[in-house]
Amino acid sequence: MSPRVPAELLGGHLRTLREAAGTGRLPGRDELDAYRAGGRRAAELGVPLRHLVDAALAAADGLAAPSVLPALRKAVAALMEGYEKAQLAALREAERERRAFVDDLLHGRAERLAERAEHFGLRLAESYVVTVARGLAGTGADGIERDLTERFGSHNILVAVRDGLLVCVVPATLPAAVGEFTHHVRSRFPAGWRVGVGRPQRGPGGIVASYREAAGALDLADRLGLKHDVVKAADLLVFPVLLRDRSAMEDLVTSVLSPLLHARGGHEPLLETLEAIFAAHGNQTAAARRLGVSARAVTYRLQRVNRLTGFSPDDPTQRFTLETAVLGARLLDWPWEQPGGE
């Protein structure tokens, strides 16, 4: 027996081979089960499969009878079957533990969290950035994790799927990893993908906060109709502030924008024109290009907004009120009721 393979893993192997050499008898069910158990135990002990198979083959040295070969094949096949099943079970258990850890981490459940985090290469006392991607493309997620860990190391990156999002947790000291993650999402995901980036946060609670910011950035981008593929929570900090007093925001939206509901052609073209003007910092020519209309059409629409609401984007104070109302309308999915009008 090889010194690298514990003897008990192949306890009855030599006897089985000798019987095969003398009578041609193949291993029975109990013997094959013993081989499978030996293979499982070898996997649990970390014995390399090649060492186990080499030891099984070496035991046949000196038994020149051709009748040994069929028995040897069955023995080795049973050893490999047991070994592979043990490895598969270990992989499934590791994946289960990983999913449970990620779930606890992103929910902020702290039971042995720091200890478990070390196993996955995270030091929770440090600052981390969480990035999430929506629009999973089949097996693309596995490839992204592999590519990121090859470049940055498995102890610096945690990638997992949660609630339909691909989640990437990286140390704040590795900002390049966020860009690399986005690059791989762009190359692997189908059209319609979007990435949300949280702010750097420290500790277990920081990871939860960064994750919620990243996922919230995706939600805000949808509600605001943003066109950006990558949205950063740091760029959207004003919107949670605006939503903290929902009743005040609803009052502002209703007071400022309700007259637009009676505009001929509907309120939506006027809202879109205001959004384009604000995005273009008041440049009507740029806003027209963004909308795909003439500059004259933009001027006409802004005049209608002024006549209907009494607010003009050319006046600094009125522009701030008007822009806040438009943002609130998108955030709150206004209008809540659509009256008739002309």
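Residues take their numbers from the sequence shown, with the count starting at 1.
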| task | Kindly indicate whether the side chain of Leu291, heavy atoms from C-beta on, has any atom under 4.5 Å from the side chain of Thr273. | result | yes
| Student check: side-chain heavy atoms of Phe239 and Leu331 closer than 4.5 Å | yes
| message | Between Arg25 and Glu31, does any side-chain N to carboxylate O distance fall below 4.0 Å? | response | yes
| note | Hits for salt bridge (charged side-chain N to carboxylate O under 4.0 Å, His left out) against Arg18, two or more places apart or cross-chain, chain-then-number order -> none
| Is the side chain of Ser210 donor-acceptor paired with the backbone N or O of Gly206 at a distance under 3.5 Å, no angle test? | no
| said: Restricting to non-hydrogen atoms, name the atom on Ala286 and the atom on Ala280 that form the minimum distance, rounded to 0.1 Å. | reply: CB-CB, 3.8 Å
| task | Could you note down all residue pairs passing side-chain hydrogen bond (donor to acceptor under 3.5 Å, both in side chains) where residues 319-330 supplies at least one of them, sequence neighbours left out? | result | Glu268-Arg330, Glu275-Arg330
| Hey, what do you get for CZ (Arg212) to CG (Leu106), rounding to the nearest 0.5 Å? | 9.5 Å
| query | In Å and rounded to the nearest 0.5 Å, what is the CG to CG distance from Leu224 to Leu327? | reply | 6.0 Å
| So, His13 side chain and Ala56 main chain: donor-acceptor pair closer than 3.5 Å or not? | yes
| note | residues 217-234 vs side-chain hydrogen bond (donor to acceptor under 3.5 Å, both in side chains), sequence neighbours excluded, gives Arg134-Asp222, Arg194-Asp222, Asp219-Arg223
| field | Leu226 and Leu236, any side-chain heavy atoms less than 4.5 Å apart | value | yes
| query | Taking C-beta and beyond as the side chain, do Val167 and Val161 meet within less than 4.5 Å on heavy atoms? | reply | no
| query | Roughly how far, to the nearest 0.5 Å, is CD1 of Ile144 from OG of Ser187? | reply | 6.5 Å
| message | Less than 4.5 Å apart, side chain to side chain, heavy atoms only: is that true for Leu243 and Leu332? | response | yes
| query | Quick one: do Arg199 and Asp235 make a salt bridge, cutoff under 4.0 Å? | reply | no
| Heavy-atom closest pair, residues Ala325 and Leu257 | O-CD1, 3.6 Å
| Does a side-chain heavy-atom distance below 4.5 Å link Tyr211 with Leu105? | no
| query | Is Val231 close to Val197 at the side-chain level, that is, under 4.5 Å between some pair of heavy atoms? | reply | no
| note | Here the gap from Arg290 atom CZ to Ile277 atom CD1, rounded to the nearest 0.5 Å, amounts to 10.0 Å
| query | Between the side chain of Gln318 and the main-chain N/O of Ser312, is any donor-acceptor distance below 3.5 Å? | reply | yes
| query | How many angstroms lie between CZ in Phe311 and CZ in Phe320, if you round to the nearest 0.5 Å? | reply | 12.0 Å
| request: Using distance alone, with no hydrogens and no angle criterion, decide if Arg36 and Tyr83 have a side-chain donor and acceptor under 3.5 Å apart. | output: no
| query | Quick one: do Glu126 and Arg202 make a salt bridge, cutoff under 4.0 Å? | reply | no
| remark: For Ile157 and Cys168 the tightest heavy-atom approach is CG2-SG, 4.3 Å
| message | One thing to verify: whether Glu44 and Arg40 come together as a salt bridge, which I'm taking to mean a side-chain N less than 4.0 angstrom from a carboxylate O. | response | no
| said: Would Thr299 and Gln284 count as a side-chain hydrogen bond (donor to acceptor under 3.5 Å, both in side chains) here? Give the steps. | reply: CA-CA 7 Å; Thr299 301; Gln284 294 190 16; 2.7 Å; yes
| Heavy-atom side-chain contact between Leu165 and Arg162 under 4.5 Å | no
| field | Euclidean distance, Leu158 CG relative to Leu148 CG, rounded to 0.5 Å | value | 11.0 Å
| field | Single-linkage hydrophobic cluster Leu79~Leu26, side-chain heavy atoms < 4.5 angstrom | value | no
